[in-house]
Amino acid sequence: MTELDAVPAILCGDTTDRIFVGGTWRTGGGDVIESVDPATGRVFATLHAATPADVDVAVQAGLRAVHEGGWAARMPHERAAVLHRIGDLVDANAERIAILQTTDTGKTLSETRALARSAAGTFRYMAAAAETMEDAVTPSRGPYLTLATHEPMGVVGAITPWNSPIASDAQKIAPALAAGNAVVAKPPVWAPWVTLLLARLCEEAGLPAGLLSVLPGPGRTVGDALVRHPDVAKISFTGGTTTGRALAHAAADKIMPITLELGGKSPTIVFDDADVEQALAGVLYGIFSSSGQSCIAGSRVFVQRDVYGAFVEELVSRARSLRVGPGTDPRTQVAPMVARAHRDGVAAMVEDARAAGATVLCGGRIPEGEQFEAGAYYEPTILAGVDNSADICQQEVFGPVAVVLPFDDEDDLVAQANHSVFGLACGIWTSDYRRAWRIAKAVRAGTVWINTYKQFSISTPFSGLEESGLGTEKGRDGIRSYMNQKSIYVDLAGDPLPWAGGDATQEGQP
């Protein structure tokens with residue numbers, strides 16, 4: 001039996017056509033979703049999508065679980081105990097999760113195994129953070145005790161992307177549950193299965209029914225119903241900027257908080273004093289790992305002019321040697337993209353850039369050979385010969401495509417790096433730590449890596465600037481983002497307020 005043949009058994013042991021609605025497994029009432037293995041083009045499972053009616057059932061079940069079921073009233077350490085058990089089960093089932101995610105998204109098994117371990121760590125971290133997080137006694141300005149406290153919001157919606165489902169699921173579901181909320185999760189149509197498996201593990205861990213629902217389906221129906229539902233208190237979305245902008249408008253209509261992790265066109269910068277081997281490895285990893293399907297991909301490679309020619313020549317040589325293949329092959333470095341439709345969109349952007357004058361230094365085509373014909377493969381691609389204002393330098397490709405650009409000095413570099421509507425990430429390669437610090441401060445980005453790239457810690461906040469997003473995920477702030485802040489004043493004097501005694505000139509102290 002191959003990994004692909006084992007998917008139904010990996011998921012639930014009987015049938016895959018079930019969604020998780022308010023603590024109940026049922027067949028969805030929407031259209032059939034066909035899940036295709038990106039490496040082979042083979043349909044490995046089908047699933048009926050959720051409907052807006054399922055959204056309402058899930059939200060109402062979540063409200064009951066939070067309030068009548070007492071999840072919001074549980075002590076933080078009691079909620080933490082459940083999250084620890086979920087983390088342990090994710091860890092114990094990491095191989096199942098990895099195989100399922102590789103089959104669903106095309107990612108390499110090495111990456112999906114790492115993502116599963118990361119998700120387990122996220123549940124454990126959020127459990128520990130929730131158990132130890134403190135409210136504040138604030139300095140009083142009068143004869144009263146003042147406290148700043150935090151409370152659950154109620155039911156929150158989590159809309160996750162297809163490029164790293166289990167990690168994104170954990171980064172939204174774990175802090176929301178830790179904060180005392182229920183979660184209605186909408187996984188992507190292209191990759192719903194890992195989120196459904198996570199729901200089964202949450203059940204097994206003893207998460208009370210109704211606190212988690214998983215509703216795969218199109219954004220235009222399920223996602224829209226979730227965002228507009230009057231009893232949904234917050235949305236956390238990871239995905240494209242166009243969709244994020246539409247969701248922000250819907251949230252504004254409700255005056256509802258929203259967290260958006262959106263697109264990027266991240267610069268990675270190579271100075272003339274960089275460790276060449278370190279920089280080459282970092283640039284290649286930053287753009288071609290995950291087949292470039294990453295919001296923080298280092299897709300604009302700025303190289304100082306003095307070393308531009310030699311560095312780019314070696315970068316192209318090494319990119320040509322990267323092994324393209326199925327995610328199940330341990331030798332694969334660049335796996336297929338999530339779907340042929342997405343691959344074709346990436347190819348079209350490269351062709352548009354070529355027509356606009358870009359030079360294709362390597363890649364720029366679908367690899368040849370029978371093993372690639374049915375899959376969603378695309379060669380690692382490096383473009384040159386364009387200005388930073390070109391469309392290929394300004395629009396997110398979300399594929400294994402980098403553009404190399406020269407720069408002269410720090411001022412030139414910062415101006416080019418910041419010439420973008422995005423502000424998500426940045427990589428800097430230099431041996432001069434003072435210069436690294438100057439550039440890190442000057443470049444507009446939510447995350448900056450110095451002499452490394454795509455390294456993450458769940459304890460460190462993650463956010464984007466401008467069209468790259470709104471709000472914060474991860475870290476202790478990631479839990480607070482799923483809570484409402486409340487101030488409480490407790491009188492200590494025991495005396496009537498002066499106004500009540502007839503003195504209308506005195507009100508509270510500011």
Side-chain angles (χ1 to χ4, degrees), residues 59-84 125-158 172-184 207-208 210-211 229-236 248 251-259 459-461 463 470-510:
V59 171
Q60 298 309 318
L63 287 173
R64 290 192 297 271
V66 167
H67 300 299
E68 298 171 23
W71 182 250
R74 284 200 193 187
M75 293 291 101
H77 69 277
E78 294 174 328
R79 294 197 294 264
V82 179
L83 267 66
H84 274 297
Y125 172 84
M126 291 300 173
E131 187 170 355
T132 58
M133 189 167 287
E134 299 172 345
D135 286 325
V137 177
T138 59
S140 295
R141 301 293 293 268
Y144 41 77
L145 176 68
T146 53
L147 304 96
T149 65
H150 295 80
E151 298 177 345
M153 291 179 165
V155 177
V156 302
K172 298 181 191 300
I173 293 171
L177 292 175
N181 302 291
V183 183
V184 179
L207 184 71
L211 288 176
H229 196 288
D231 292 320
V232 171
K234 176 189 169 122
I235 291 291
S236 179
D253 289 340
K254 289 176 60 179
I255 315 182
M256 173 184 68
I258 187 168
T259 298
S459 63
T460 304
S463 60
L470 179 69
T472 298
E473 287 194 321
K474 303 170 67 174
R476 293 168 71 89
D477 291 342
I479 297 180
R480 291 295 194 221
S481 72
Y482 291 98
M483 305 183 85
N484 292 320
Q485 192 261 315
K486 177 183 287 184
S487 298
I488 300 175
Y489 290 72
V490 181
D491 177 65
L492 299 178
D495 299 324
L497 291 171
W499 184 90
D503 184 356
T505 64
Q506 298 186 33
E507 306 229 352
Q509 293 296 315

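Note that these values count all heavy atoms, side chains included, but never hydrogens, waters or copies made by symmetry. Keep in mind it's a predicted model, so treat the numbers as computed, not measured.
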[X] (side chain) donor-acceptor with [Y] (main chain) under 3.5 angstrom:
X      : Y      : result
Ser459 : Gly475 : no
Trp71  : Leu177 : yes
Lys254 : Val232 : yes
Asn181 : Gly154 : yes

Shortest non-hydrogen separation from [X] to [Y] and the atoms involved:
X      : Y      : answer
Ala178 : Ile479 : CB-CD1, 4.3 Å
Leu63  : Val155 : N-CG2, 3.5 Å
Gly210 : Ala182 : O-CB, 4.0 Å
Pro175 : Gly478 : CB-O, 3.7 Å
Val66  : Gly180 : CG1-O, 3.8 Å
Leu83  : Ala174 : CD2-O, 3.4 Å

Kindly compute the distance separating [atom1] ([X]) from [atom2] ([Y]), expressed to the nearest 0.5 Å.
X      : Y      : atom1 : atom2 : value
Ile173 : Tyr482 : CD1   : OH    : 9.0 Å
Ser463 : Leu470 : OG    : CG    : 9.5 Å
Met75  : Arg79  : CE    : CZ    : 8.0 Å
Thr149 : Glu134 : OG1   : CD    : 14.0 Å
Met153 : Met256 : CE    : CE    : 10.0 Å
Glu131 : Met126 : CD    : CE    : 14.5 Å

Do [X] and [Y] have side-chain atoms, one donor and one acceptor, less than 3.5 Å apart?
X      : Y      : value
Lys234 : Thr259 : yes
Ser236 : Glu473 : yes
His150 : Asp135 : yes
Ser481 : Thr472 : no

Do [X] and [Y] touch side chain to side chain, with heavy atoms closer than 4.5 Å?
X      : Y      : answer
Val184 : Val59  : yes
Arg476 : Thr132 : yes
Ile488 : Thr146 : no
Arg74  : Pro208 : yes

Exercise. After noting the C-alpha distance and the side-chain angles of Leu145 and Asp491, does the key distance pass the side-chain contact (heavy atoms from CB on, under 4.5 Å) rule?
Worked result: CA-CA 6 Å; Leu145 176 68; Asp491 177 65; over 6 Å; no
